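For reference, the structure is listed below as structure tokens.
Here the structure is a predicted model, which means the values were calculated and not measured.
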Amino acid sequence: MKVLVLGAGVVGITSAWYLARAGHQVTVLDRQPAAGLETSFANGGQISVSHAEPWANPHAPLRALAWMRREDAPLLFRLRCDAALLDWSLRFLRECTAQRTRANMRDIVALALYSRCQLQALRAETSLDYDHLERGILHIYTDRREFKVASAAAAVMRGYGCDRRTVSVDECLAIEPALLAARSRLVGGDYTIDDESGDAHRFTQQLAALCAANGVVFRYAAKVERLLVAAGRIAGALVGGELHQADAYVAALGSYTPLLLRPLGLRLPVYPAKGYSATVALGAQSVAPSVSLTDDGHKIVFSRLGQRLRIAGTAEFNGYNTELNSVRCDALMRRAGELFPDLRAVGEAEFWCGLRPATPSNVPLIGRSPIGNLYLNTGHGTLGWTMACGSGAALADIVSGRKPEPAFRFL
């Protein structure tokens, strides 16, 4: 079939790759001048099956209330007159039961494990170079209550196939010696040896180039104004007065997917969660981690990308606002300084923020929509890079009329 993929982030590009591999004629539309320039540009860099515990869990409501007045809070809901945020928040609360948390975790782990395997196979086939490391991900804890809760979550994940094992402070230091200066702060951790890290932006741009070399057509600087519907099917995508037509359409526009589909009567439970990052160039004498880390209490991750350190995290619910907040940027650097006092950066940190498409459950929306030839691949939240290859491969199966491999609630 002729397939039109809307969006050239990491999820859209992987969708295009696997659709083309399945024999379809693929065209990608994106409003940016190149691939991977929005949410995929400077994210945390983790391929983190171990980060499968949803934001919506039994502990979340009280934490969110406690953080409400903190400008640098790890999870910040800004009070605003926003019907979409209110609806999303009510759905979020419904997902906070222990039963729903476990069901959502099971789905996330299943897709993330599959996706990590797909990424590894793709890397072996194509030799993509994106500063990837296969040194696992270490979660660290500085609060005993957080550590206890996380240990229970790790046990659940092990039951679902994610080898996330609890480790002592001494084991944390053996895994990542750069944490030595922060030893007195640590109470323990957990380690997933099979997790990875890498630069999502470099990956996305290189895979886009491979897609183009294999016949995928790209139309950049092409903002989709609206989708036309006729006889219950998408009849075309309108771009600058020009109608682009195909047999099937894939909506992979991240946080902007609901805005495009709302006029069609589709109300997706996807809301933008603004995340921040700082990228630091490292000097020769820098004491910086080489194992990707997650500081769970502060919702911050650290990933080594060559001679750079990516410090990223937090979530701010503030609509489609993409302005940098200096308080939240400073919080990233302050925490980095507490854990790694000898970081010795070269030059100033490069700050960035992006809108992650979050569902209330953290389970993405993948599969056929109620409109017959319209497919969705969105709602991945903080795990878009982790789930990208698996989501793209599964979606290509669905479009091709095959059953996807992972045990996941596809649409």
Side-chain angles (χ1 to χ4, degrees), residues 8-18 34-52 108 111-139 162-164 175-176 178 191-211 254 275-282 286 288-295 300-313 332 336 349-350 352 354 356 380-393:
V10 68
V11 171
I13 295 300
T14 51
S15 298
W17 171 261
Y18 288 104
L37 293 183
E38 294 201 23
T39 306
S40 304
F41 183 70
N43 64 17
Q46 292 187 335
I47 303 298
S48 51
V49 179
S50 58
H51 202 64
I108 293 168
L111 182 59
L113 284 171
Y114 173 69
S115 189
R116 191 174 65 195
C117 289
Q118 292 296 311
L119 172 62
Q120 291 167 349
L122 175 60
R123 189 169 61 234
E125 177 187 352
T126 61
S127 300
L128 291 175
D129 177 17
Y130 52 93
D131 288 327
H132 88 277
L133 292 174
E134 300 172 73
R135 298 179 181 173
I137 292 178
L138 174 65
H139 287 66
C162 175
D163 184 19
R164 180 174 164 178
I175 294 166
E176 181 45 78
Y191 182 51
T192 308
I193 194 170
D194 294 323
D195 276 347
E196 304 182 3
S197 60
D199 189 328
H201 174 243
R202 288 190 63 186
F203 171 89
T204 303
Q205 293 218 320
Q206 289 185 27
L207 188 60
L210 280 179
C211 283
Y276 288 76
S277 78
T279 304
V280 174
L282 300 173
S286 293
S290 58
V291 172
S292 190
L293 304 175
T294 297
D295 179 2
I300 295 175
V301 305
F302 302 84
S303 290
R304 187 70 168 264
L305 305 173
Q307 277 303 109
R308 299 170 294 153
L309 182 66
R310 177 69 49 76
I311 308 160
L332 293 179
E350 296 178 7
W352 170 89
R356 299 170 296 197
H380 298 77
T382 59
L383 296 179
W385 179 205
T386 297
M387 296 179 170
C389 287
S391 298

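Here the closest non-hydrogen pair linking Leu383 and Ser48 is CD2-OG, 3.6 Å. The two residues Asp131 and Arg202 make their nearest non-hydrogen contact at OD2-NH1, 3.1 Å. When all heavy atoms of Gly198 and Leu305 are compared, the closest pair comes out as C-CD2, 3.5 Å. Annotation for Ile13 and Ala8: closest pair CG1-O, 3.6 Å, computed over non-hydrogen atoms. Closest approach of Ala35 to Ala208, counting heavy atoms only: CB-CB, 3.9 Å. Counting all heavy atoms, side chain and backbone alike, Thr192 lies closest to Ser50 at OG1-CB, 3.0 Å.
By the 30° and 60° cut-offs, the orientation of the rings of Tyr130 relative to Phe203 is perpendicular.
Side chains of Trp385 and Ile47 form a contact here, defined as non-hydrogen atoms less than 4.5 Å apart. Considering only heavy atoms from C-beta on, Asp199 comes within 4.5 Å of Arg308 through its side chain. Here the side chains of Val49 and Asp194 are not in contact, with every heavy-atom distance at 4.5 Å or above. The closest side-chain heavy-atom distance from Tyr276 to Trp352 is not below 4.5 Å. Two residues are said to be in side-chain contact when any heavy atoms from C-beta on lie closer than 4.5 Å; Val280 and Ile311 meet this criterion. Inter-residue side-chain proximity for Leu122 and Tyr18 is flagged as met; some heavy-atom pair is nearer than 4.5 Å.
The backbone N or O of Gly390 sits nowhere less than 3.5 Å from a side-chain atom of Gln118 that would complete a donor-acceptor pair. With hydrogens and angles disregarded, a donor-acceptor distance shorter than 3.5 Å links the side chain of Arg310 to the backbone of Asn43. Gln46 places a side-chain N or O within donor-acceptor distance of the main-chain N or O of Leu293, the cut-off being under 3.5 Å. Side chain of Ser115 to backbone of Leu111: no donor-acceptor contact under 3.5 angstrom is found. Judged by distance alone, with hydrogens and angles left aside, the side-chain atoms of Ser303 form no donor-acceptor pair with the main-chain N or O of Ser292 at under 3.5 Å. Between the side chain of Ser40 and the backbone N or O of Ala200 there is no donor-acceptor pair closer than 3.5 Å.
Atom CD1 of Ile175 is separated from atom CD1 of Ile137 by 12.5 Å, given to the nearest 0.5 angstrom. Here CD1 of Ile300 is found 11.5 Å from OG of Ser277. Values are rounded to the nearest 0.5 Å. Note that CD of Gln205 and CG of Leu210 are 12.5 Å apart. Values are rounded to the nearest 0.5 Å. Atom OG1 of residue Thr14 and atom CG of residue Leu207 lie 7.0 Å apart, to the nearest 0.5 angstrom. To the nearest 0.5 Å, the span separating OG1 on Thr204 from CG on Leu37 amounts to 9.5 Å.
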message: Test side chain to side chain contact (heavy atoms under 4.5 Å, CB included) on Thr294 and Leu138; report intermediate values, then the result.
response: CA-CA 6 Å; Thr294 297; Leu138 174 65; over 6 Å; no

message: Is there a side chain to side chain contact (heavy atoms under 4.5 Å, CB included) between His51 and Thr386? Walk through the geometry before answering.
response: CA-CA 9 Å; His51 202 64; Thr386 297; over 6 Å; no

query: After noting the C-alpha distance and the side-chain angles of Trp17 and Thr126, does the key distance pass the side chain to side chain contact (heavy atoms under 4.5 Å, CB included) rule?
result: CA-CA 12 Å; Trp17 171 261; Thr126 61; 4.2 Å; yes

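Under a 4.0 Å N-O distance rule, the pair Arg164/Asp195 does not qualify as a salt bridge. Salt bridge annotation for Glu196-Arg123: present, with a cationic side-chain nitrogen under 4.0 angstrom from a carboxylate oxygen.
Remark: Ala121 engages no residue in a side-chain contact (heavy atoms from CB on, under 4.5 Å) (not counting sequence neighbours). Under the side-chain contact (heavy atoms from CB on, under 4.5 Å) criterion, Leu133 pairs with Arg135, Ser197, Arg304, not counting sequence neighbours.
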